[in-house]
Amino acid sequence: GRYLEVEVEIMSSIPAKDWKSVWELLTSGIRDYVRKNGFTDVVLGLSGGMDSALVAALAVDALGKDHVHGVMMPSPWSSEGSITDSEALAANLGMETFTVPISPLMEAFEKALAPAFAGRERDVTEENIQSRIRGVIMMSFSNKFHWMLLATGNKSEVAAGYCTMYGDTCGGLAPIADLYKTEVYQLAQWFNEREGMCAIPQNIFDKAPSAELRPGQKDQDSLPEYDVLDSILHALVEESKRAEDIDLPGVTPEDVNRVQALMRRSAFKRLQLPPLLPVGTHAFGVHVHM
């Protein structure tokens, strides 16, 4: 239902932020940056997940519902909920949506690449092609209608390299790239409480995060649980701790070393991300100064 009925418990060892101040900082940052760059409207991909839902809510608050446009790009691996949850979100926020199925484009890429890839197993290559197809579609909307594309990645993904260059990293601004995944949920919960309703549908809170790039995929297939990941990242990034000095409940040295290795391997991605809106003192990449 649309009304706020269920409390969502988000486990995190990261110190809580003043979410009202964070919300105001992000909405004013979106508004100022979009307008200073000569845009009136923004566009973003709606996946049915929490990151795109929060960015959509921020953008509508910043620019008004008539200036925010969402694009749903279902693939053969998309769950029914990725569409229905996106539609429910868009209806609650009052924003326009488009649907561009990508199955024919995936088939065209696979056919074109088949001779070169003959004899090789399917792997992350085919998964990333989906993300890059979506990046092309989103940039096409941006070009055609002169709407700034908002990237929807969060700090946990960026830090661990759980993102696709020239795919979900496309955009003119990454509004939540300085919020860890557990913080994204907390800010979304604060927004629903402010609205007095589940403007961001409860199902988006409840389901396991997934990039939906292969059947049954979950983020936790490739990453530690987000509460563990975020507590380690916070210690490494915000507290500038050495791996061997990190001592957290329920976290093993192997967990810490794995996360540090992910960070090191993905540094090249962070150098190519859209500018972000810093909400703390240790944001990655290029910062939009407000």
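Residue numbers start at 1 and run along the sequence shown. Just so it is clear, the model here is predicted, and its values are computed rather than measured.
- Applying the ring pair (Phe, Tyr, Trp, His ring centres under 6.0 Å) rule to W147 yields the partners H69, F145; only residues at least two apart in sequence or on another chain are considered.
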### Query
So D178 and L277, side chain to side chain contact (heavy atoms under 4.5 Å, CB included) or not? Walk me through it.
CA-CA 7 Å; D178 197 30; L277 300 171; over 6 Å; no
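- In this structure the side chain of P175 reaches within 4.5 angstrom of the side chain of L150, judged on heavy atoms.
- Between F141 and L149, every side-chain heavy-atom pair lies at or beyond the 4.5 Å cut-off.
- A 6.0 Å sphere centred on CG of D247 holds no more than 12 heavy atoms belonging to other residues, nucleotides or ligands.
- Not one N or O on the side chain of E24 forms a donor-acceptor pair closer than 3.5 Å with the backbone of S21.
- Between L93 and V68 the shortest side-chain heavy-atom distance does not fall below 4.5 Å.
- Pairing each heavy atom of L113 with each of I129, the nearest pair is CD1-CD1, 3.6 Å.
- Residues Y166 and I133 do not share a hydrophobic cluster, defined by chaining ILVMFWY side chains whose heavy atoms lie under 4.5 Å apart.
- Taken from CG in L58 to CG in L54, the straight-line distance is 4.5 Å, to the nearest 0.5 Å.
- A donor-acceptor distance shorter than 3.5 angstrom exists from the side chain of R270 to the backbone of M263, with no hydrogens or angles considered.
- Proximity of a side-chain donor or acceptor of N192 to a complementary backbone N or O of A199 within less than 3.5 Å is detected.
- Between N92 and C198 the shortest heavy-atom distance is ND2-O, 3.1 Å.
- R31 places a side-chain N or O within 3.5 Å of a backbone atom of A62 that can act as its donor or acceptor partner.
- V55 and V286 fall into different hydrophobic clusters, where Ile, Leu, Val, Met, Phe, Trp and Tyr residues are linked whenever their side-chain heavy atoms come under 4.5 Å apart, directly or through other members.
- Within the 4.5 Å cutoff, the side chain of K111 has no heavy atoms near those of the E107 side chain.
- Remark: E121 CD is loosely packed, at most 12 non-hydrogen atoms of other residues, nucleotides or ligands lying under 6.0 Å away.
- Residues M139 and V43 share a hydrophobic cluster, clusters being chains of Ile/Leu/Val/Met/Phe/Trp/Tyr side chains in contact below 4.5 Å.
- With sequence neighbours excluded, no residue forms a ring pair (Phe, Tyr, Trp, His ring centres under 6.0 Å) with F284.
- Here the rule is ring pair (Phe, Tyr, Trp, His ring centres under 6.0 Å) with F191, and of Y185, W19, W23, F205 only W23 fits it.
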### Task
Report the C-alpha separation of L89 and L46 in whole Å, then their side-chain angles, then the decisive distance to 0.1 Å, and conclude whether the side chain to side chain contact (heavy atoms under 4.5 Å, CB included) test is met.
CA-CA 9 Å; L89 171 79; L46 291 179; 4.1 Å; yes
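- Evaluation of the ring pair (Phe, Tyr, Trp, His ring centres under 6.0 Å) rule for Y33 yields no partner, not counting sequence neighbours.
- Residues S78 and R134 come closest through the heavy atom pair OG-NH2, 3.8 Å.
- Judged purely by distance below 3.5 Å, without hydrogens or angles, the side chains of D61 and T27 never pair a donor atom with an acceptor atom.
- Side chain of N37 to backbone of F39: no donor-acceptor contact under 3.5 angstrom is found.
- Defined by atom type and a distance below 3.5 Å, a donor-acceptor pair is missing between the side-chain atoms of D227 and T182.
- The side-chain heavy atoms of L187 and L26, taken from C-beta on, include a pair separated by under 4.5 Å.
- Here the side chain of H282 pairs no donor or acceptor atom with the backbone of H234 at under 3.5 angstrom.
- For M138 against L44, the heavy-atom pair with the smallest separation is CE-C, 3.4 Å.
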### Task
Go through the steps to decide whether E254 and R258 satisfy the test salt bridge (Lys or Arg N to Asp or Glu O under 4.0 Å), and finish with yes or no.
CA-CA 6 Å; E254 290 75 23; R258 179 184 172 201; over 6 Å; no
### Task
For K181 and D51, run salt bridge (Lys or Arg N to Asp or Glu O under 4.0 Å): C-alpha distance rounded to whole Å, both residues' side-chain angles, the deciding distance at 0.1 Å, then the answer.
CA-CA 8 Å; K181 184 74 169 190; D51 296 331; 3.2 Å; yes
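- Here the side chains of M50 and I200 are in contact, with some heavy-atom distance below 4.5 Å.
- Considering CD1 of I246 and CD of E239, their distance stands at 8.0 Å, rounded to 0.5 Å.
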#### Entry: side chain to side chain contact (heavy atoms under 4.5 Å, CB included) between T97 and M72, intermediate numbers included
CA-CA 7 Å; T97 62; M72 295 174 283; 3.8 Å; yes
### Task
May I have the step-by-step check of side chain to side chain contact (heavy atoms under 4.5 Å, CB included) for L276 and L173, ending in yes or no?
CA-CA 6 Å; L276 57 79; L173 179 66; 5.9 Å; no
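- With no hydrogens or angles considered, no side-chain donor-acceptor pair links Y180 and E157 at under 3.5 Å.
- Side-chain N or O atoms of R132 include one that pairs as donor or acceptor with a backbone N or O of M165 at under 3.5 Å.
- Residue F109 is grouped with residue F117 when hydrophobic side chains (ILVMFWY) are merged at heavy-atom distances under 4.5 angstrom, including chains of intermediate members.
- Here the side chains of S82 and S47 are not in contact, with every heavy-atom distance at 4.5 Å or above.
- Taking each heavy atom of Q130 and S75 in turn, the nearest pair found is OE1-OG, 3.3 Å.
- Here the closest heavy-atom approach between residue G45 and residue S52 is recorded as O-CB, 3.2 Å.
- The hydrophobic clustering, which links ILVMFWY residues whose side-chain heavy atoms are closer than 4.5 Å, places V124 and M106 apart.
- Within the 4.5 Å cutoff, no side-chain heavy atoms of K269 are placed close to those of T164.
- Remark: the T252 side chain and the D255 side chain contain an N/O donor-acceptor pair separated by less than 3.5 Å.
- Counting only distance, with no hydrogens or angles, the side chain of H287 and the backbone of A283 share a donor-acceptor pair below 3.5 Å.
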